[in-house]
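Quick note on labels: first sequence line is chain A, next is B, and so on, each numbered from 1.
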Protein chains: 2
Amino acid sequence: MVPYHKEESVPSDDTQSRTRRVDARRNEKTLLDAAARVFADQGIDAPVRQIAAEAGVGVGTVYRHFPQRSDLVIAVYRHQVDACVDLGERLLRRGSSPLAALEEWVDAFVDFLVTKHGLASVNGGQADEGGLHAYFLDHLVPVCERLLEAAREAGEISTDIGAYELMRGIGNLCLFGGDDTRYDARKLSHVLLAGVVSHRAADGE
Amino acid sequence: MVPYHKEESVPSDDTQSRTRRVDARRNEKTLLDAAARVFADQGIDAPVRQIAAEAGVGVGTVYRHFPQRSDLVIAVYRHQVDACVDLGERLLRRGSSPLAALEEWVDAFVDFLVTKHGLASVNGGQADEGGLHAYFLDHLVPVCERLLEAAREAGEISTDIGAYELMRGIGNLCLFGGDDTRYDARKLSHVLLAGVVSHRAADGE
DNA sequence: CGACAATACGGAACATGGTTCCGTATCACA
DNA sequence: TGTGATACGGAACCATGTTCCGTATTGTCG
C-alpha cells in the first residue's frame with residue numbers, strides 16, 4: 001500500500017530480496033547436491049524424507065526451499081534442460097539439414113530422459129498432468145518448434161504436428177517402468193520421428 | 001507332504017473349489033458394477049475406499065475378491081480387452097490389406113485407452129512397470145504380433161519393431177494427463193504407426 | 001556488544017491412499 | 001439345527017507428500 005518507505009516491494013525477478021541468510025543459502029546447495037545423489041541411485045521417486053536425511057536437514061527445510069517435491073526435481077535438472085535448449089540453438093545455427101538437426105536434438109533429449117530413470121514422469125500439479133513437467137515443456141517447446149519449422153520449410157517434413165505435441169509424445173515414450181530390456185525408448189522415438197517425416201495428415205487431424 | 005488324505009491340493013485351474021457362497025458371488029458382481037461406475041466418473045485413480053463405499057462393502061471385501069487394486073481395474077475392463085483381441089482376429093481373417101487391418105486395430109485399441117481416462121496407467125506390481133498392465137499386454141501382444149507379421153509379409157512394413165514394444169509405445173502415448181486439448185493421443189499413435197511403416201532400422205537397432 | 005525482529009530450522013502431526021489383520025457374521029452341508 | 005468353512009467389516013498399519021509451529025540462528029541497529 002504505502003508507495004515509498006523502504007524499497008522492497010516489486011520482487012520482480014531479482015534473485016534474492018536481500019542478503020539471504022547464509023545457512024539458508026548453504027542448505028539449498030546441500031539439498032540440491034543430496035537430491036542429485038539420491039535421485040541418481042534411487043530414481044526420481046525417492047521419498048522426500050530420504051533426501052532430507054541425506055542432506056542432514058529436516059523435511060520442513062526441504063519444503064521451505066522447494067514448495068513442492070517436483071520443484072526440487074526441476075531444480076536438480078534445470079541445467080541439463082538448459083543445455084538441451086542450447087544444443088538446439090547451436091544445431092539451428094549449424095547449416096546442415098534441418099531434419100538431421102531435429103533428429104540429433106531429439107536423440108539428445110531422449111538420452112537425457114532415459115538416463116535419469118523415470119525423469120519423464122515428474123508431475124507438475126496434482127496427478128493431473130502426467131509426463132513432462134511444465135518447466136521442461138516451457139523451455140523445450142520453443143526450440144523444438146523452430147527445429148520443426150526449419151525442417152518443414154526445407155520440405156523435409158510433411159506432418160503438421162506441433163512442437164508441444166511432439167515433446168509430450170516423446171516424453172511419454174520415455175516413460176517406461178522397470179528396466180525392461182524389451183522396451184527401448186530411443187528406438188520408439190526414432191520410429192515416431194520417422195512418422196513425423198512421412199505421415200500425411202488425414203482428414204480430421 | 002501327505003500324499004492322500006482329502007482331495008484339495010493341486011488347485012490347477014478349476015474355477016471354484018466348490019459351491020462358492022452366494023454372498024461372495026453377489027458381492028463380486030456388486031463390486032465390479034460399483035467400480036465400473038466409480039471409474040467412469042472419477043477416473044481409474046479413484047481410491048479403493050470409495051469403490052468399497054459405492055458398493056456398500058468394507059475394504060476387506062474388496063481385497064478378498066481382488067488382491068490388488070489393479071486386479072479390480074483389470075477385471076472391470078477385461079471384456080473390452082477381449083473384444084479387442086476378437087477384433088484383431090476378425091481383421092486378420094478379413095482378406096484386405098494387412099496394414100489397413102493393423103491401423104484399424106490400433107485405432108480401436110487407442111480409443112479404448114483414451115475413452116477411460118487414465119486407463120493406460122494401471123500399474124501391475126509396484127511403481128515398477130508404468131504403462132499397460134501385464135494382463136493387457138499378455139492378451140494383446142500375440143494379436144498385434146500376427147497383424148504386424150502379416151503386414152510385414154505383405155511387404156507393407158519394413159521396420160523390425162516387435163509387437164511388445166509397439167504395444168507399450170502406444171500405451172505410453174495414450175498416457176496423458178488432464179484434458180489437455182493440445183495433446184491428441186490418437187494423432188500421435190497414427191504418427192507412430194506411420195513411422196513403423198516407413199522407418200528403416202538403422203545400425204544399432 | 002547486546003537486544004530484537006526476521007528468517008530458517010526440525011520434526012511431529014496431518015492427509016491420503018494402498019494393504020493387512022482379525023474378531024464376528026453368514027453360509028453350506030450334514 | 002449344529003458346526004466348520006468362508007466371507008465380511010473396518011480398524012489399524014505403512015508409506016508419502018505436505019503443513020504447522022515452537023525453537024534456533026542470523027543480521028542489524030542502538
Output yes when a side-chain donor or acceptor of [X] lies under 3.5 Å from a complementary backbone atom of [Y], and no otherwise.
X: A/Arg152; Y: A/Thr159; answer: yes
X: B/Arg20; Y: B/Arg25; answer: no
X: A/Trp105; Y: A/Glu89; answer: no

Run the salt-bridge test on B/Arg186 and B/Asp107 with the 4.0 Å N-O cut-off and return the result as yes or no. no

B/Lys29/B/Asp33 salt bridge by N-O under 4.0 Å criterion: yes

Measure from [atom1] on [X] to [atom2] on [N] and round the result to the nearest Å.
X: A/Gln42; N: D/dT16; atom1: CD; atom2: C1'; answer: 14 Å
X: B/Arg64; N: C/dT26; atom1: CZ; atom2: C1'; answer: 12 Å
X: A/Phe66; N: C/dC9; atom1: CZ; atom2: P; answer: 11 Å
X: B/Asp71; N: C/dT20; atom1: CG; atom2: P; answer: 11 Å
X: A/Asn27; N: D/dA24; atom1: CG; atom2: P; answer: 17 Å
X: A/Glu28; N: C/dC9; atom1: CD; atom2: C1'; answer: 15 Å

Should the pair A/Phe112 and A/Tyr77 be assigned to parallel (<30°), tilted (30 to 60°) or perpendicular (>60°) ring geometry? perpendicular

Show each protein N/O and nucleotides 27-30 of chain C N/O combination with a separation under 3.5 Å, one pair to a line.
from	atom 1	to	atom 2	distance (Å)
C/dC27	O4'	B/Arg21	NE	3.2
C/dA28	OP1	B/Val22	N	3.3
C/dA28	O3'	B/Thr19	OG1	3.2
C/dC29	OP1	B/Thr19	OG1	2.6

Looking at CG of B/Leu173 and NZ of B/Lys187, how far apart are the two atoms once the value is rounded to the nearest 0.5 Å?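 Output value for this atom pair is 13.0 Å.
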
Between N or O atoms, less than 3.5 Å apart, protein on one side and nucleotides 15-17 of chain C on the other: list the pairs.
none

When you measure from the side chain of B/Val59, which nucleotide among C/dA8, C/dT20, D/dA7 comes out closest?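 It is C/dT20.
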
B/Tyr63, nearest nucleotide to its side chain (from D/dG10, C/dC9, C/dG18):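 Ranking D/dG10, C/dC9, C/dG18 by closest atom to the B/Tyr63 side chain puts C/dG18 first.
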
On a heavy-atom basis, which atom in B/Ala101 and which in B/Leu147 lie closest, and how many Å separate them? CB-CD2, 3.9 Å

Nearest heavy atoms of A/Ile44 and A/Phe39, plus distance in Å: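 Heavy atoms only, the tightest pair is CA-CD2, 3.7 Å.
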
Verify the contact: side-chain N or O of A/His65 to OP1 or OP2 of C/dA8, cut-off strictly under 4.0 Å; return yes or no.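 The answer is no; no side-chain N or O of A/His65 sits under 4.0 Å from OP1 or OP2.
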
